[in-house]
Undergrad: 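Take a look at the following structure, please.
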Amino acid sequence: MRASQLFLPTLRTDPADADAVSHKLLVRGGFIRQLAAGVWTYLPLGWRVHEKVVQIIREEMNAIGGQEFRAPLLTPAELWKASGRYDIPEVFHLEDRNGREYVLPMTHEETFAFHARELQSYKQLPQIWYHFGVKERDEPRPRAGLIRVREFIMKDAYSFDRDESTLDVSYEKHREAYERIFARAGLETYFVEAEVGIMGGSASDDFLAPAEAGENELVTCENGDYAADAEIARGAPSPPDFPAPLPAPELVATPDAKTIEAVSAQLGIDPRATIKAMPMVTGDRVVLALVRGDDRLNEERLTGALGGTAVRPAEDEEIRATFGADGGSIGPVDVQVEVIADRGITPGPYVVGANRDGWHLRGVEPGRDFEPRYAEIRQVKPGDACPICGGRLSIQPAIEVGHIFKLGTRYPNAIGARFLDEDGTEKPIVMGSYGIGPGRMMAAAIEQHHDDRGITWPRTIAPFDVHVVSLDAGNAEIKAAAEAVEAELSGSYEILLDDRDLRPGEKFADADLIGCPVRITVGRKTLEDGAVDVRPRATGDEVRVALSAVGGTVAEIL
RNA sequence: CGGGGCGUGGCGCAGCCUGGUAGCGCGCUCGCUUUGGGAGCGAGAAGUCGCCGGUUCGAAUCCGGCCGCCCCGACCA
């Protein structure tokens with residue numbers, strides 16, 4: 001490919017509205033352009049990368065017996081009404097001229113379950129079907145370039161099995177295929193248990209790629225034996241320095257101390273030996289959620305502990321009416337509401353609010369002075385102990401690049417996908433669903449592979465293998481030499497030849513920005529030596545190589 | 001949806017407070033010089049100042065409404 005003929009609108013400065021590294025570099029490098037919030041066009045360079053990612057996914061899906069489909073975007077609303085997903089706020093709805101209703105799917109469970117109705121016998125199972133399809137989601141807040149978008153291409157796969165045990169086999173095949181896909185694309189990822197979410201199913205796991213701009217929080221153990229999404233991660237808090245126990249709670253004045261920090265400072269007490277009491281409203285009742293003073297409440301977990309009903313923090317008036325005090329002085333002793341305590345609140349004497357403005361109680365012992373229901377409702381935090389080995393946990397942002405689900409029979413039941421089993425009974429097909437976002441993989445790859453000059457693509461997904469920079473400035477001899485290098489290498493590699501009439505500095509800057517793994521410079525100086533300069537993008541270690549040895553040198557690097 | 005910020009040639013920005021000729025850098029076009037890390041000189045092209053309405057002799061600037069985009073939160077198959 002000749003750069004002079006390529007639409008490659010690189011930018012000298014970061015776009016004003018970009019924040020994430022991958023967002024800036026994708027736009028600056030001429031890979032993508034924005035059309036609307038969360039809606040992006042892939043330019044030729046970006047599409048090359050996307051298609052390389054797609055091809056890796058395709059090869060690994062085919063390797064586990066996947067069969068590629070191509071399913072439509074436009075989908076009859078009836079299918080989504082049947083599955084119960086029609087009213088999800090993220091779903092785009094539309095009508096045709098006759099008033100028939102359609103949705104623009106966010107994933108294709110309904111569509112594939114519909115076609116799975118033609119699977120009639122256990123003899124036809126299992127099946128793995130997949131496609132690369134456009135997904136539409138009315139995201140409330142798109143952000144960070146390709147990381148959270150409203151329209152994107154996803155590889156979604158669906159497995160159809162006789163029962164849960166063969167579903168486990170299909171699931172494991174996908175897990176292994178996904179590990180290979182991410183490894184081939186040069187991505188560091190972690191396989192972690194994830195929330196099943198509102199769409200049901202028996203299990204779900206994420207693949208998280210550590211990245212500054214990520215939206216998920218990845219919890220990992222320093223000893224490498226534990227990784228989890230912070231939403232469901234387990235971690236043990238460090239033990240508090242308890243003061244001496246008291247025979248009974250003792251009232252202490254804490255004027256103007258409304259926060260744990262203020263209270264513990266005023267009383268000279270380890271914040272870990274205090275209890276934070278959070279009045280929460282669920283349905284039409286108030287509950288009191290307790291976490292240790294240094295911990296934070298995880299509302300999703302509290303919701304889970306309450307059997308799935310939504311919770312919200314109580315309003316000031318509700319707090320006053322229920323406890324007779326302000327939020328800063330609330331405690332669990334002698335209250336009339338249900339008390340749910342985090343399991344991190346181990347036995348010992350704590351400082352708690354006295355339900356009286358400006359006063360706390362010290363020496364309060366759970367079990368003696370109040371009787372809570374225990375549940376895991378705290379948020380994991382850095383420094384917690386690993387549930388496997390006790391090592392220190394750390395937390396880092398990460399991008400969810402893949403998500404796999406054991407769905408069970410929900411969609412087959414709703415859509416009517418049944419088969420006749422060996423024993424002659426009709427059963428619903430057991431389904432799994434498996435998604436990967438190539439665009440997110442691109443963003444994650446950049447987040448993980450860049451420097452201050454630009455992208456350092458993994459070779460497998462780079463737009464080109466070799467970037468030949470011709471410093472000919474109209475000199476026919478240099479131009480011919482650069483073209484000869486291109487011709488020689490093009491049999492084995494994909495080459496971008498920068499034949500543009502630009503200054504050397506601009507060409508080098510663009511090469512660094514675009515990030516092809518090898519740069520070859522052909523100029524007057526190199527030709528005087530009968531050579532070219534070969535520079536791996538990642539290391540920047542440039543070597544002068546005789547023209548006759550270029551192929552060998554490139555082969556060593558790639 | 002709540003909070004914050006922004007909208008001015010292709011890109012990045014100033015001008016707005018204190019109303020009156022729309023400006024800077026980069027990019028773009030042409031010419032000459034230059035050519036190993038984003039060149040120099042000269043000559044040019046290019047902007048409904050997001051949209052609608054109001055105030056005013058006069059609005060990029062003041063007022064009202066709306067739209068769009070970014071960030072934080074909520075939300076998130």
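Every chain is numbered from 1, with letters handed out A, B, ... down the list of sequences.
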Undergrad: Report the nucleotide, chosen from B:rC75, B:rA77, B:rG36, that has the shortest atom-to-atom distance to any side-chain atom of A:P140.
TA: B:rC75
Undergrad: From the list B:rC72, B:rG36, B:rG37, which nucleotide is the closest neighbour of the side chain of A:R141?
TA: B:rC72
Undergrad: Considering heavy-atom distances to RNA chain B, does A:R12 or A:A20 have its closest nucleotide positioned more toward the 5' end?
TA: A:R12
Undergrad: Output the single nucleotide from B:rC72, B:rC69, B:rG36 whose closest atom is nearest the side chain of A:R143.
TA: B:rC72
Undergrad: Quick check: A:W129 with A:H108 (ring centres under 6.0 Å apart)?
TA: no
Undergrad: A side-chain contact here means heavy atoms from C-beta on lying under 4.5 Å apart; do A:V532 and A:V468 qualify?
TA: no
Undergrad: C1' atom, B:rG12 versus B:rG47: distance in rounded Å?
TA: 15 Å
Undergrad: For a quick check of understanding: with a heavy-atom distance under 4.0 Å over all strands, which category does A:D512 fall into, base, sugar-phosphate or nothing?
TA: base
Undergrad: At what distance, to the nearest 0.5 angstrom, does CD of A:E447 lie from CG of A:L25?
TA: 8.5 Å
Undergrad: Which is true for A:E139 with a 4.0 Å heavy-atom rule: it touches a base, it touches only sugar-phosphate, or it touches nothing?
TA: nothing
Undergrad: For the P atoms, the ones on B:rC26 and on B:rG40, what distance do you get once it is rounded to whole angstrom?
TA: 8 Å
Undergrad: Tell me which nucleotide, if any, is Watson-Crick or G-U wobble paired with B:rG31 when both distances must be under 3.5 Å.
TA: B:rC41
Undergrad: In whole Å, I'd like the distance from the CD atom of A:E506 to the C1' atom of B:rC28.
TA: 13 Å
Undergrad: For A:Y178 and A:F182, take the angle between the two ring planes, folded into 0 to 90°, and tell me which bin it lands in: parallel under 30, tilted 30 to 60, perpendicular over 60.
TA: perpendicular
Undergrad: So which nucleotide from B:rC70, B:rC72, B:rA77 ends up closest to the side chain of A:A37?
TA: B:rC70
Undergrad: Counting only Watson-Crick or G-U wobble pairs whose two distances fall under 3.5 Å, which nucleotide matches B:rU61?
TA: none
Undergrad: Nearest whole angstrom, please: distance from the P of B:rA77 to the OH of A:Y411.
TA: 11 Å
Undergrad: Indicate, yes or no, whether a donor-acceptor pair under 3.5 Å links the base of B:rG37 to the side chain of A:R519.
TA: yes
Undergrad: Quick check for you: among B:rG36, B:rC75, B:rG37, whose closest atom lies nearest to any side-chain atom of A:R544?
TA: B:rG36
Undergrad: What's the shortest heavy-atom distance between A:P15 and A:R28, and which atoms?
TA: CD-CG, 3.9 Å
Undergrad: Where the side chain of A:E90 is concerned, which of B:rG38, B:rC70, B:rC75 is the nearest nucleotide?
TA: B:rC75
Undergrad: Both distances below 3.5 Å, Watson-Crick or wobble geometry, any strand: find the nucleotide opposite B:rC11.
TA: B:rG25
Undergrad: Kindly compute the distance separating OG (A:S159) from NZ (A:K173), expressed to the nearest 0.5 Å.
TA: 9.5 Å
Undergrad: What's A:A144 touching, base or sugar-phosphate or nothing? Going by heavy atoms closer than 4.0 Å.
TA: sugar-phosphate
Undergrad: Ignoring the backbone of A:R85, work out which of B:rC71, B:rG36, B:rA77 is nearest its side chain.
TA: B:rA77
Undergrad: Could you go through nucleotides 10-12 of chain B and list every protein N or O atom that sits under 3.5 Å from one of its N or O atoms, giving the distance for each pair?
TA:
| residue | atom | partner | partner atom | Å |
| --- | --- | --- | --- | --- |
| B:rG12 | OP1 | A:A16 | N | 3.2 |

Undergrad: If you take the centroid of each ring, where Trp contributes its six-membered ring, are A:Y411 and A:Y158 closer together than 6.0 Å?
TA: no
Undergrad: Is there a donor and acceptor pair, one atom on the side chain of A:R148 and one on the base of B:rC76, closer than 3.5 Å?
TA: yes
Undergrad: With a 3.5 Å cut-off and heavy atoms only, can you find an N or O donor on one side and an acceptor on the other between the side chain of A:Y158 and the base of B:rA77?
TA: no
Undergrad: On the side chain of A:R524, is there an atom forming a donor-acceptor pair with the base of B:rU35 - under 3.5 Å, no angle test?
TA: no
Undergrad: If you look at every strand shown and take non-hydrogen atoms under 4.0 Å, does A:D533 touch a base, only sugar-phosphate, or nothing?
TA: base
Undergrad: Which base, if any, makes a Watson-Crick or G-U wobble pair with B:rC1, both distances under 3.5 Å?
TA: B:rG73
Undergrad: Is it true that A:E231 and A:R301 make a salt bridge, defined as a side-chain N closer than 4.0 Å to a carboxylate O?
TA: no
Undergrad: Classify the ring geometry of A:Y130 against A:F132: parallel below 30°, tilted from 30° to 60°, perpendicular beyond 60°.
TA: perpendicular
Undergrad: To the side chain of A:R137, which of B:rG38, B:rG37, B:rA77 is closest?
TA: B:rA77
Undergrad: Just checking A:A36: base, sugar-phosphate only, or nothing, at a heavy-atom cut-off of under 4.0 Å?
TA: sugar-phosphate
Undergrad: Starting at atom CG of A:D19, determine the distance to atom P of B:rC6, rounded to an integer number of angstrom.
TA: 16 Å
Undergrad: Under 3.5 Å for both donor-acceptor distances, Watson-Crick or wobble: does B:rG68 have a partner, and if so which one?
TA: B:rC6
Undergrad: I want to confirm an ordering. Mapping A:P142 and A:K507 to their closest nucleotides on RNA chain B, which one lands closer to the 5' end?
TA: A:K507
Undergrad: To the side chain of A:R535, which of B:rG37, B:rC26, B:rC71 is closest?
TA: B:rG37
